[in-house]
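Inspection log for the structure reproduced underneath, given as structure tokens.
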Amino acid sequence: MAVELLLLLLLCGSTISEMQPIHKSPPGTLDFGFVPVKTYDTHAYYEPGPIGILFSIVHSFLYVVQPNSFPQEVIRKLAQQKFGNIQNDYQKAIYYEIGFIICAALGLLFVLLLPLVGLCFCMCRCCDNCGGEMHQRQKKNADCRRGCFATFLFVTSLIISIGVLCAYAANQHLTDQVRGAKHLMYSNFKDLRIFLNDTPGQIDYLVSQYNTTKEKVLSDLNNVGPLLGFRVQEQLGKEVRPALDAALAMAGAIRETKEALENVSVSVEVLQEGTERLHANLTDVKAHLSNTLNDSACSAPQVASTCNMIRNSLHQLNINANYSGLPSVNLQLAKVNDVLKIDLSSLVQKGYTAFNDTPDLVMNQTRNILSDIQNVLESVGSNITSFTKSLPVEKIIADFTMYLSQSEAYVQDYFPVVEQYDFYRWLVCLILCCMVILILVFYYLGLLCGTCGYDRHASPTTRGCVSNTGGNFLMAGVGFSFIFSWVLMIVVVVTFVTGGNVEKLVCEPFEDKTLFKVFDTPYLLNQHWKNYLSGILLKNPDINLTFEKVYSDCKENKGIYTSLHLESLFNINEFLNISMYTEEVSLKIEHININLSGIILLDAPGRQNLLNFSSSGVDGINFAAYLTEINKSITKVDLLSFANDLEARADQLPRGALENALKGHANSIRTIHDQQVIPLEQAMSTLNRSIRLLQKTSSELMEKVKNVINAVNAAQLLINNNASLVIVQETKKYMDMIIGYFEQYVNWVKESVTMDVAACKPIANVIDTAVDIFLCSYVTDSVNTFWFGLGGCSIFLIPAIIFAVKLSKYYRRMDTEDVYDDSVEQW
């Protein structure tokens with residue numbers, strides 16, 4: 001049942017995880033959100049607090065006792081029942097346990113010898129030996145010896161006090177942690193319930209996110225016009241748009257040509273009429289000026305030279321350019337007007353419009369296929385939903401929940417028993433501590449009474465009651481030391497051997513995962529199974545599933561599908577082969593048939609219109625004749641300069657009628673320039689621009705028109721014949737994008753199943769709680785600290801006995817004492 005629940009976690013998501021990625025193009029990113037994951041309450045980490053210092057000291061002591069590495073080979077042989085076949089196995093085991101063996105042997109020796117020594121000591125004192133005789137010899141250094149013995153006993157008692165405090169703290173710490181373990185266990189049970197209850201919801205979430213993929217696919221399919229149509233249009237537009245742009249530019253050139261021809265025609269007419277009038281006016285001015293110069297006033301010697309100079313310059317007042325001989329452009333203008341009767345721009349715009357309607361054309365021609373694809377997508381969704389509903393998820397969850405409830409009930413029933421037995425243990429350990437405390441009380445009372453009641457002036461037989469009581473307390477402490485010490489050492493040896501080996505053989509290997517490597521030894525736990533864990537869980541011992549890998553993955557909170565290698569149990573295509581549906585979608589998309597032959601970029605009248613323009617004769621205009629006359633000035637001399645010179649010479653004449661007449665002629669010449677020459681210059685400028693525009697337009701006109709027509713024909717041919725290739729290419733890209741959404745869904749499901757769905761952190765927490773926290777941190781560390789403190793007390797009881805026996809002689813009241821004869825002393 002456990003395996004079935006674990007396998008369900010990937011059933012819907014991983015059923016598509018084996019589909020191989022077919023397409024490489026990256027589609028738009030889909031947002032599937034986050035798999036709903038609840039936070040687990042259990043924190044499988046223990047911080048012992050101040051007592052952790054004692055734990056560290058004990059760990060260091062155990063390392064000194066047993067510095068050897070974990071005996072993997074010995075443990076493997078023991079598990080496989082092959083231990084002892086070779087003599088070397090015993091040597092390895094003894095070598096590993098040599099530290100414990102030596103310490104245990106010393107402890108047993110202590111247990112055997114100390115009671116025997118105590119018995120001999122008591123019998124010896126009863127015979128007035130070993131300090132039993134109530135007689136004290138006088139010695140000069142008696143005070144020094146008494147002080148040293150008291151100091152040594154006090155220091156030893158302090159060390160024993162520290163040891164008993166450590167033992168008591170460890171004993172109380174273990175009891176406190178056992179009582180608190182109930183909350184920790186319930187927290188683990190709660191996390192396991194969350195683990196079981198949330199798994200179906202996570203599976204449902206993975207399945208429900210298929211709708212995100214489906215909606216995105218349907219959205220893109222409904223927008224096939226903007227998506228696929230624009231792509232096709234963009235590819236075809238690389239040739240179509242330049243061709244239409246060239247045709248549209250040629251239409252604009254036709255209009256410009258017409259305007260230029262009209263300007264040439266009008267400008268030539270204006271220039272011809274204007275030059276005739278200008279010639280007549282200049283002739284009149286020249287005649288009047290000649291009459292003035294023929295006046296008798298010009299015969300005077302002082303003005304004759306000036307008049308002659310003016311007379312000699314009269315021939316400059318004449319027309320320079322002859323526009324009457326320029327060829328007419330009316331024939332070309334008429335032909336261009338005939339060309340313009342057909343609006344080429346509107347024809348090109350129709351081509352633009354037809355080409356821009358490609359997305360709508362694609363949309364209209366793919367309606368049937370879109371409905372088929374939508375039916376396929378609905379079928380995929382319904383199959384996934386029906387398949388997940390057919391899985392016995394609820395039954396498996398119910399079975400596991402029942403098993404979990406039974407386990408929790410079992411713990412609730414027997415945990416009070418554990419607490420009761422822990423109370424008995426605590427009481428026994430407390431009694432052991434009280435034994436040591438009783439001995440310490442006698443020693444401290446003996447030191448107190450002996451030190452306070454001692455009188456150095458009193459003889460040994462006259463010592464006070466307080467001092468004598470102190471000595472009796474010390475001997476009582478010695479007596480209880482012999483009585484209790486062997487009992488204490490038995491407890492120390494038993495707990496030392498047990499707790500030390502648990503620390504070395506379980507806790508330390510568990511921390512560095514060496515213990516898992518032993519469990520992962522092939523054929524270790526079952527001689528027929530290579531991998532025990534996969535044989536138990538997956539019924540296939542050949543699958544490489546190790547305790548270490550499962551624990552590490554669960555410790556990292558990975559999905560149970562990854563941790564247990566569940567992919568080895570499924571042939572995904574037997575359950576739900578999504579690739580079959582994607583292939584069907586691909587085939588339907590590939591069979592999209594889009595016909596763009598209805599797009600007409602430029603019809604026959606438009607092409608003929610271009611040909612008519614090329615044969616309009618614009619390129620036959622005699623541009624050289626025009627440019628020759630245009631480059632000439634209107635008059636041979638600048639009339640303004642001539643008028644200014646005339647007026648300047650008139651100023652050189654004496655004032656009178658001649659001067660005034662010449663100035664009047666100068667003003668008439670200026671008037672002619674302003675009223676006739678300037679308009680003619682403007683007309684000539686217009687003619688210049690128009691002729692040069694016509695010259696530029698007509699340059700290789702036939703070749704230009706042919707190029708435009710060829711470009712339009714090539715673009716039209718691409719649409720009619722080769723558009724299918726472009727459509728196939730763009731359809732393939734469009735299909736890649738659609739299939740890419742499915743690939744995103746598959747990859748997201750795989751990642752979610754690997755990391756998020758049924759994250760097995762609670763399983764690792766249960767193991768950590770049972771082994772690392774409860775067994776090692778709560779029990780083993782506390783037991784080891786207890787025997788460490790109690791063992792120290794037991795060992796230091798030996799020097800305490802010696803010092804107490806020696807010191808009691810100085811406190812107890814003696815029956816006899818040394819007496820010295822005064823006469824002998826005086827002699």
Side-chain angles (χ1 to χ4, degrees), residues 42-72 74-75 78-79 96-97 99-100 103 166-167 169-189 191 411 415 418-419 421-422 425-426 429 491-492 494-520 547-548 550-552 554-555 761-791:
T42 303
H43 298 283
Y45 174 76
Y46 173 67
E47 181 61 43
I51 200 172
I53 300 175
L54 297 178
F55 293 166
S56 300
I57 296 174
V58 174
H59 291 166
S60 301
F61 177 77
L62 287 175
Y63 179 77
V64 173
V65 173
Q66 165 46 316
N68 302 317
S69 59
F70 183 69
Q72 298 186 37
V74 175
I75 300 299
L78 281 173
Y96 178 78
E97 292 285 343
F100 288 106
C103 291
C166 292
N171 181 42
Q172 188 64 38
H173 178 267
L174 178 56
T175 299
D176 294 340
Q177 298 307 319
V178 168
R179 292 174 181 173
K182 188 174 184 179
H183 172 74
L184 187 60
M185 287 187 294
Y186 289 157
S187 175
N188 278 278
F189 281 120
D191 289 348
V411 170
F415 193 79
V418 174
E419 289 181 329
Y421 280 104
D422 179 70
R425 178 209 55 78
W426 175 82
C429 293
V491 175
V492 169
V494 172
T495 54
F496 165 71
V497 173
T498 304
N501 279 285
V502 170
E503 175 67 28
K504 286 295 182 178
L505 295 177
V506 178
C507 297
E508 289 185 0
F510 177 82
E511 185 176 358
D512 60 14
K513 300 181 182 179
T514 308
L515 192 62
F516 293 112
K517 295 179 180 178
V518 175
F519 290 151
D520 292 330
F547 287 96
E548 181 182 7
V550 172
Y551 174 77
S552 299
C554 290
K555 191 79 171 176
K761 182 70 171 179
I763 298 176
N765 285 343
V766 170
I767 297 174
D768 288 338
T769 300
V771 179
D772 186 42
I773 296 179
F774 190 81
L775 176 61
C776 294
S777 298
Y778 288 179
V779 178
T780 304
D781 284 343
S782 299
V783 170
N784 288 337
T785 304
F786 180 79
W787 64 250
F788 183 77
L790 202 62

Identify the two heavy atoms, one from [X] and one from [Y], that lie closest to each other, and give their separation to 0.1 Å.
| X | Y | result |
| --- | --- | --- |
| Asn188 | Leu184 | ND2-O, 2.8 Å |
| Phe70 | Leu515 | CZ-CD1, 4.2 Å |
| Ala170 | Ser782 | CB-O, 3.3 Å |
| Tyr778 | Ala181 | CE1-CB, 4.2 Å |
| Leu775 | Val779 | O-CB, 3.4 Å |
| Pro71 | Leu505 | CD-CD2, 4.2 Å |

Do the side chains of [Y] and [X] get nearer than 4.5 Å, heavy atoms only?
| X | Y | answer |
| --- | --- | --- |
| Gln177 | Ile773 | no |
| Asn784 | Trp787 | yes |
| Ile57 | Phe61 | no |
| Tyr186 | Lys182 | yes |

Kindly say whether the aromatic ring centers of [X] and [Y] come within a distance under 6.0 Å.
| X | Y | value |
| --- | --- | --- |
| Tyr551 | Phe519 | no |
| Phe100 | Phe496 | yes |
| Phe55 | His173 | yes |

* What salt bridge (Lys or Arg N to Asp or Glu O under 4.0 Å) pairs are there with at least one residue in residues 761-781, not counting sequence neighbours? ->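 Checked against salt bridge (Lys or Arg N to Asp or Glu O under 4.0 Å) - neighbours excluded - the pairs reaching residues 761-781 are Lys555-Asp768.
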Separation between [atom1] of [X] and [atom2] of [Y], rounded to the nearest 0.5 Å:
| X | Y | atom1 | atom2 | answer |
| --- | --- | --- | --- | --- |
| Phe189 | Met185 | CZ | CE | 7.5 Å |
| Arg179 | Glu419 | CZ | CD | 7.5 Å |
| Cys507 | Asp512 | SG | CG | 11.5 Å |
| Leu174 | Cys429 | CG | SG | 8.0 Å |
| Cys554 | Ile767 | SG | CD1 | 7.0 Å |
| Ser552 | Lys513 | OG | NZ | 3.0 Å |

Ignoring hydrogens and angles, tell me if any N or O in the side chain of [X] forms a donor-acceptor pair with the backbone of [Y] under 3.5 Å.
| X | Y | value |
| --- | --- | --- |
| Thr780 | Gly499 | no |
| Ser56 | Gly52 | yes |
| Thr495 | Val492 | yes |
| Asp422 | Val418 | no |
| Thr514 | Phe510 | no |
| Gln66 | Asn68 | yes |

* Is atom CD of Glu511 surrounded by more than 12 heavy atoms (other residues, nucleotides or ligands) closer than 6.0 Å? ->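 No.
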* What residues, two or more places apart in sequence or in another chain, satisfy side-chain hydrogen bond (donor to acceptor under 3.5 Å, both in side chains) together with Gln172? ->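 Testing Gln172 for side-chain hydrogen bond (donor to acceptor under 3.5 Å, both in side chains), a comparison that skips the adjacent residues, returns Asp176, Trp426.
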* List the steps, then state whether side chain to side chain contact (heavy atoms under 4.5 Å, CB included) holds for Asn171 with Arg425. => CA-CA 9 Å; Asn171 181 42; Arg425 178 209 55 78; 2.6 Å; yes
